[in-house]
Novice: 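Before I ask anything, let me first share the structure, which is written out below as structure tokens.
Sequence lines set the chain letters: A, B, ... in the order given, protein chains first and strands last, and positions in each chain run from 1.
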Amino acid sequence: MGFAYDWTRELATCDPAYYRWEQWLFTRLFEKGLVYKKRAMVNWCPNDQTVLANEQVIDGCCWRCGGAVEQRQIAQWFLKITDYAEELLADLDRLTGWPEQVVTMQRNWIGRSEGVEIAFVVPGSDQAPEQLCRVYTTRPDTLFGVTYLAVAPEHEIARQAAASDPALAAAIDACRPGSVEQATIDTMEKRGVATGRFAIHPLSGAQLPIFVANFVLIGYGEGAVMAVPAHDQRDYEFAGKYGLPLKPVIVPEGFAGDPGSLIEAAAYTEKGVLVDSGEFTGLTSAEAFDALAQHLEARAQGKRRVNFRLRDWGVSRQRYWGTPIPMIHCEQCGDLPVPEADLPVVLPEAVTVDGAGSPLGRIPEFYSVDCPGCGAAARRETDTFDTFFESSWYFARFACPDQTGAMLDERANYWLPVDQYVGGIEHAILHLLYARFFTRLMRDVGLVDVDEPFERLLTQGMVLKDGAKMSKSKGNTVDPQEIMERYGADTARLFIIFSSPPEQSLEWNDDGVAGAHRFLRRLWGLGQELIAAGGYETPAVELDGAYAELRQSLHQQLTQANYDFGKHQFNTVVSAGMKMLNAMTQCPAAESAADRAQRDWVLGEGFEMLLKMLSPIVPHITDLLWRKLGHTGAVLNEPWPEPDPAALARSEVEVVVQVNGKLRARVALPVGCAEDEARAVALAEQNIQRFIDDKPIRKLVYVPERLINIVV
RNA sequence: GCCCGGGUGGCGGAACUGGUAGACGCAAGGGACUUAAAAUCCCUCGGAGGCAACUCCAUGUCGGUUCGAUUCCGACCCCGGGCACCA
């Protein structure tokens, strides 16, 4: 295809020489306290005895055996990306070279919110001591509307309730969602079960029942929420289902009716003014936020808190193919990183893969190690890294792929940030966020000085095949090889570029290939003619009308093409090139020697402009024509063509005349024409008179060099 | 469900900051050249009416703002991407 890849920088992320540096970085992060282990949920197929990816769970069932998938909590390693949440969010404003939609998606993903953490006292029972149930809310103004609490099935209160009551335990168990996938949790039927325990409302002292609910996640926030069914739609539906009371406490400003009338069909989720809220009644939502926060803080019942939607990055995968996580577990010393001298931990390749769990856990030579702390027998971690690890820093490694003594060297600092990064829009959040995070981690261990990895970002739209994303994993890819073999690389490039702007998604269809090839044949044809003509010289006299016009249109098209290049709208660059070629091939043959000199010049100059303009798109044919025209260097090394202002100068422009906003005539006006004159010319048009008829002119809008709109 | 995009002729798409809707190309139809085919060139090509000049309708749907809306605002429908273990 004529790509200009620098193969001397080739690297393979499955090579221990590459992934050892991820292991090294991970151990550094462990020492810095940015790595921790906690229990987290995975999809577990009890039949296949294996962990499933979300993609492999279909309607709550295993894609391979079809059996029901369970949720299982296992210990996993996490990176504290939330420590960087504030910075990752704030620096989005500096990414001026990124598409706004990607910045917006990242901002929403990080999801900073300001709220209040509130502690509800849960009195002791026969089976459990008194304790606190903490919740986080962004709507403390609705606090008096709380009628129950909901906790995750794994919450301590749920566990205690389950321990004392087998029937309840089963009911709580049924509250575990069929998949850990967020979309499943959001769209599944909301279910819950009362734990039989109560919490005390911190201000009113009311007894609030505590439910276990399937939509509350233990891994997010406090694993518990306060429910305000009158003002939250999910709580509203849940309360309706389980016959829980609604207590409206917010009404619109100026509202004097019955608050209950606002919540007959749905929750009232707007902000407003507080009612039925004790001493806070009458405050606006904004005032109540501060007043309640202050009140709770003074009584040590709560505190203001900034919360992020972003969760820490779980990097453990219970898979064989991956970078071994460089940790060792010792009964005495706990979890210790593999000493730097022992890196890399190489993935053993002589293994039997039988589908039941990771083979690494069945290779004693792999997992049996001596504790690097006390020397006692210990066990090596058998999980591997999320493969996003590999893609989070490869761009930096390209700067110094031969560096064997360090993860990166000063060359990475020289090259970073990447000037122009190109990737699919499907990576808008995860890959790009992890790469931004990794760049900061590498910065904070002293490897680079930059904060951001990618200066400018171009997100390609997806190529669809039969309506779905074309991807290696789906196997619905097409290869341009066939087009290349039949028409050559330039045709393949031109066709793809011309199909649509790169940011747009595109249903693959190669119907236009012949047209792209036809254009190159015509370009070649004109080239041969000009080569035969043997060069050109700038004529001493001014250009005649037709030649001046042709030159003007060629320079106009170049202006447009340069503008479109700047917008990365390459398809219209090709259009402009086609228009230039069309204009040149329609130029009549010269009648006289004087004409001939003008013709040769306009075409010669225009053709060379066109070659330079198209050289990034169709490098082979343009370079060949360039050299055949007698030039010695490569066309790609030529300075970029700029339009000649003299060629663009116009004396007259076509202006559209509308009557009541509808196009009725076109007139030619001199550039810089005053409104009076434009008006006179417009009114002289027969069709304009016809539409004005005898109606009085109410208004006349004149946009110089564009249009005249006569309102009658 | 939530977040981000998109919807314009038979098709890919164009339309600058609210100012000529359909550029450029594909496909299709008609014609020229040719013994024939290929290649090339010319003409037509959103829908409807009209010998024609021209007129009416039309940018997913409905409504709004404006002299003027594909473009801005509101509601809705449909399609795609992401939703933390596909990467």
Novice: Rounded to whole angstroms, how far apart are CE on A:M105 and P on B:C4?
Specialist: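 Checked: the CE to P distance equals 9 Å.
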
Novice: Tell me whether the OP1 or OP2 atom of B:C67 has a side-chain N or O from A:K699 closer than 4.0 Å.
Specialist: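 Answer yes for this pair, as a side-chain N or O of A:K699 is under 4.0 Å from OP1 or OP2.
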
Novice: With respect to the side chain of A:N582, which nucleotide from B:C11, B:A84, B:C24 is positioned closest?
Specialist: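 Of all the options, the side chain of A:N582 is nearest to B:C24.
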
Novice: When you measure only distances, ignoring hydrogens and angles, does the side chain of A:R319 come within 3.5 Å of the base of B:C85 through a donor and an acceptor?
Specialist: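 Answer is yes: a donor-acceptor pair is held.
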
Novice: Using a heavy-atom cut-off of 4.0 Å across all strands, would you classify A:A428 as base, sugar-phosphate, or nothing?
Specialist: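 No contact.
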
Novice: One character per nucleotide, please: for nucleotides 39-59 of chain B, 5' to 3', B when the base has a protein heavy atom closer than 4.0 Å, S when only the sugar-phosphate does, - otherwise.
Specialist: -SS------------SSSS--

Novice: What's the closest nucleotide to the A:Q658 side chain, out of B:C85, B:G19, B:A14?
Specialist: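 Out of B:C85, B:G19, B:A14, the nucleotide with an atom closest to A:Q658's side chain is B:G19.
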
Novice: Tell me whether the side-chain N/O atoms of A:Q56 come closer than 4.0 Å to OP1 or OP2 in B:C86.
Specialist: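 Answer is no, no contact under 4.0 Å.
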
Novice: What's the closest nucleotide to the side chain of A:V51 if the choices are B:A84, B:C4, B:C85?
Specialist: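 For the A:V51 side chain, the nearest candidate turns out to be B:C85.
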
Novice: Does anything in residues 78-89 of chain A come within less than 4.0 Å of RNA chain B? Heavy atoms only, and list the residues if so.
Specialist: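 Contacts with RNA chain B under 4.0 Å: none.
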
Novice: Taking both distances under 3.5 Å as the test for a Watson-Crick or G-U pair, what stems of at least three pairs does RNA chain B have?
Specialist: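 Stems found: B:1-7 with B:77-83, B:10-12 with B:24-26, B:28-32 with B:40-44, B:46-49 with B:54-57, B:60-64 with B:72-76.
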
Novice: When all nucleic acid strands are considered with a 4.0 Å heavy-atom cut-off, which category describes A:Q557: base, sugar-phosphate, or nothing?
Specialist: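 Counting heavy atoms under 4.0 Å across all strands, no contact is made by A:Q557.
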
Novice: Is it true that A:D93 and A:R107 make a salt bridge, defined as a side-chain N closer than 4.0 Å to a carboxylate O?
Specialist: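 The answer is yes: the pair qualifies as a salt bridge.
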
Novice: State whether A:N709 places a side-chain N or O below 4.0 Å from either non-bridging phosphate oxygen (OP1 or OP2) of B:G19.
Specialist: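 Indeed not, no polar side-chain atom of A:N709 lies that close.
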
